[in-house]
Amino acid sequence: MNNTIPLVIGVTGHRNIRKEDRTALYAAVCAELNRLKERFLHSRLIMLNSLAEGADLLCAEAAKALSIPVIAALPMACSEYEKDFSGEALISFRSAYESTEERFVVPATEQENGADPREFAYRQAGIYVATHAHILLALWDGEKGTSGCGTAETVAFMREGSFRPARNPLLRKPGCVIHVFAPRTEEEAAQPAGTVRFLGDPKALEDILKSTDTFNRLATKQTGQTEKLLPPDEEPDAFSSRLEQLYGTADALSLRFGKRYRRLLAALAIISTILTVAFLLYDEAELHGMILVCGGMLLAAFLLLQFGTKSASHRRYLEYRTLAENLRVQIFLHLAGSGITVAAVLPWSEREETAWVAAALEVLVIGKPQRAPSPIRDCWVRAQRRYHSEAKKKSTRTAVGSGRIVTIATRMSITLYLAVLAFELLWGGLLPLPWSFAKTETIRTAAKLLLGSISAATLFIANYYGKLSLPRVVSDHEKMERLYESVDRKLDREGQTDELLMLLAREELIENANWCAYQRDNGIDFNL
């Protein structure tokens, strides 16, 4: 399905698997793959595999038996790679290669350093598999490597990010590894072959896989498509079409949960106001039945808070918005013919706060093809400038309207306060005047009710609009509008360079991270 995110299992392992260990290793791999398959029912498992002799081919065989698609990430062209195989291994490689769902030669991540070309190619394949998988399955003896391109190094790429990208410095959170013990010699076999241990933070991985699976469950039920990003005259390739469909799903889900979040805020503001008025009527007017209304409002607030927590409306609104915005940037970078990936330039704050989105961005670009550059001025720069201009106007109108409501309510409170003060001065006994009023207590009670109700309504209305952060939203749209105006001028002067695309992508991602940061403080709550 093009509107879901696959769960990707990368593979690394020794070339020389002992014959006596093969059955145990195969059973352990099948068990781990089955466990993931059964645990995350709404997600499509995919294996990312370089199909090297030994462990890689064993894992590809297990995947085929379990109907798990394999994507071949080859270190070099197939005709050249075949030179590393002979006999039965060559037959197994060709069979596994023909069974793959997709295959490609991995691009180099690092700068060539004069090392042996084949070893450099294997190292780049290891880096690619480690950085484009949710989890790494390693058939490994646990010993440190010395070649620079072996299993131990691939595990280090996953766990420590121990490589140096040629294009952009990369900060990655430590990844997780399922280590299946695969001894090379009898002396290493201190424990049974196939023994499994986990390397990494199991809770962090669980959160990533569970959040991804939840998104996929919601995506399968989401119908309809939002705006089209690609220009009408642009012939989309399979990669951009898939990302655009996924963008539409993430965008629609974000809008859906955003609407639910705002409705919950409004409902809680109304309940708070009714609760305050009901308590004042109970306390001041001695309408004892109002205590039941107070209880009903407290129960309604409790149920709404429980629903908000269970549905995670606020969190999903922000996370799906983040995913949609990042996918939009990736689509435009691909359209521009750039090799830049959003995952490589994602701000650290987003890697921390939405690790599953960062992981999704890495696996979604697996096999990303290079394409001829297309101009992005109209569909990206100018379209986004128009969007922010219109959004600024809309947010400004909403902010002005909310300001007026709060101002009117505040003025009503002040006016009523002055009227009550005048009443107390003239008839309530604050001044020693010779006259009195028979219904002083009745008027005083009514005044307390009105003053308390209007003050409560003012407070809760202000709290509702405050959580929408309208002034900050207007400011953000103004800043982004100026950014695109500046980029438009720079395109005139310098043209559509990779440096300018990188700058634009970074600025958009940083702005989105900032938006998420202040929106996270506006969660659903109930304060009296």
Side-chain angles (χ1 to χ4, degrees), residues 1-8 42-44 46 48 69 71 73 101-102 104 106-107 128 131-134 208 211-213 215-220 222-255 319-346 350-351 354-376 378-381 383-384 387 496 498 501-502 504-506 508-509 512:
M1 291 172 288
N2 283 341
N3 67 337
T4 59
I5 301 165
L7 295 186
V8 178
H42 306 284
S43 302
R44 183 170 182 252
I46 290 178
L48 188 62
I71 294 179
E101 182 174 274
E102 185 181 343
F104 60 91
V106 303
Y128 193 94
T131 55
H132 291 79
H134 283 99
I208 290 172
S211 294
T212 306
D213 198 55
F215 173 84
N216 291 338
R217 174 176 60 81
L218 295 169
T220 56
Q222 182 63 46
T223 57
Q225 173 78 26
T226 54
E227 62 173 317
K228 301 289 287 184
L229 297 178
L230 298 173
D233 58 345
E234 188 68 38
E235 186 66 30
D237 54 35
F239 177 80
S240 55
S241 294
R242 180 164 60 92
L243 286 198
E244 188 174 48
Q245 188 173 346
L246 186 56
Y247 163 83
T249 300
D251 185 42
L253 287 173
S254 176
L255 293 173
E319 290 184 353
Y320 298 161
R321 182 78 264 138
T322 297
L323 177 60
E325 291 303 309
N326 290 339
L327 286 172
R328 183 176 56 77
V329 174
Q330 183 63 74
I331 289 168
F332 288 136
L333 287 173
H334 178 65
L335 182 64
S338 173
I340 301 169
T341 63
V342 168
V345 293
L346 200 65
E350 287 201 20
R351 291 186 180 278
T354 52
W356 77 271
V357 172
L361 295 170
E362 288 172 336
V363 303
L364 287 170
V365 296
I366 290 174
K368 184 178 87 69
Q370 190 70 31
R371 56 163 288 157
S374 296
I376 47 82
D378 289 332
C379 64
W380 187 1
V381 178
Q384 282 298 298
Y387 162 77
Q496 188 172 294
D498 227 29
L501 292 171
M502 171 68 81
L504 181 55
R506 281 187 184 278
E508 284 210 26
L509 296 176
N512 186 61

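Numbering of residues begins at 1 and proceeds along the displayed sequence.
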Item checked: Set of residues satisfying ring-ring contact (aromatic ring centres under 6.0 Å, His included) with respect to His134, sequence neighbours excluded -> none
Checklist line | Main-chain N/O of Thr249 paired with Asn3 side-chain donor or acceptor, under 3.5 Å | finding: no
Check: How many angstroms lie between atom OG of Ser338 and atom CD1 of Ile376, to the nearest 0.5 angstrom?
Finding: 10.0 Å
Notebook entry, point to check: Taking only residues two or more places apart in sequence, or in another chain, which ones meet Phe332 in a ring-ring contact (aromatic ring centres under 6.0 Å, His included)?
Noted result: Trp380
Checklist line | Heavy-atom closest pair, residues Leu218 and Tyr320 | finding: CD1-OH, 3.5 Å
Next item on the list: Could you tell me which non-hydrogen atom of Pro69 sits nearest to which non-hydrogen atom of Arg44, and how far apart they are?
Entry: CG-NH2, 3.3 Å
Note to self: Any heavy-atom pair between the side chains of Leu364 and Arg242 that's under 4.5 Å?
What the structure shows: yes
Next item on the list: Of all the heavy-atom pairs spanning Tyr128 and Ala73, show the shortest one and how long it is.
Entry: CD2-CB, 4.3 Å
Note to self: Suppose we screen for salt bridge (charged side-chain N to carboxylate O under 4.0 Å, His left out). Which residues come up paired with Glu319, at least two apart in sequence or across chains?
What the structure shows: Arg315
Notebook entry, point to check: Which heavy-atom pair separates Glu102 from Gly367 by the least distance, and what is that distance?
Noted result: OE2-CA, 3.7 Å
Notebook entry, point to check: When rounded to the nearest 0.5 angstrom, what is the spacing between CD1 in Ile5 and NE2 in His42?
Noted result: 14.0 Å
Margin query: Please tell me whether Ser254 and Asp251 have a donor and an acceptor in their side chains that are separated by less than 3.5 angstrom.
Written below: no
Checklist line | Closest heavy-atom pair and its distance - Val363, Pro6 | finding: CG2-O, 3.9 Å
Next item on the list: Answer whether the closest heavy-atom distance between the side chains of Gln330 and Leu243 falls below 4.5 Å.
Entry: yes
Notebook entry, point to check: Is any side-chain heavy atom of Pro369 closer than 4.5 Å to a side-chain heavy atom of Phe104?
Noted result: no
Check: For the residue pair Pro373 and Ala336, what are the closest heavy atoms and their distance?
Finding: CB-O, 3.2 Å
Check: Could you state the interatomic distance from CG (Leu229) to OG (Ser240), rounded to the nearest 0.5 Å?
Finding: 10.0 Å
Item checked: N/O donor-acceptor pair under 3.5 Å between Glu350 side chain and Ala358 backbone -> no
Notebook entry, point to check: So do His334 and Asp237 actually touch side chain to side chain, heavy atoms under 4.5 Å?
Noted result: yes
Next item on the list: Spell out, as yes or no, whether a donor-acceptor pair under 3.5 Å connects the side chain of Gln370 to the backbone of Gly337.
Entry: yes
Check: Under 4.5 Å between any side-chain heavy atoms of Leu335 and Pro231, yes or no?
Finding: yes
Next item on the list: Check whether the side chains of Thr354 and Arg351 place a donor and an acceptor atom closer than 3.5 Å, and report yes or no.
Entry: no
Checklist line | Rounded distance [0.5 Å steps], SG in Cys379 versus CG in Leu230 | finding: 7.5 Å
Item checked: Side chains of Leu361 and Thr341 in contact at under 4.5 Å (non-hydrogen atoms) -> no
Check: How long is the gap from CZ on Arg217 to OG1 on Thr4, to the nearest 0.5 Å?
Finding: 14.0 Å
Notebook entry, point to check: Side chains of Leu323 and Tyr247: does their closest heavy-atom pair fall under 4.5 Å?
Noted result: no
Check: Any Lys/Arg nitrogen of Arg328 or Glu508 sitting under 4.0 Å from an Asp/Glu carboxylate oxygen of the other?
Finding: yes
Next item on the list: Answer yes or no: is there a side-chain heavy-atom contact under 4.5 Å between Ile366 and Ile71?
Entry: yes
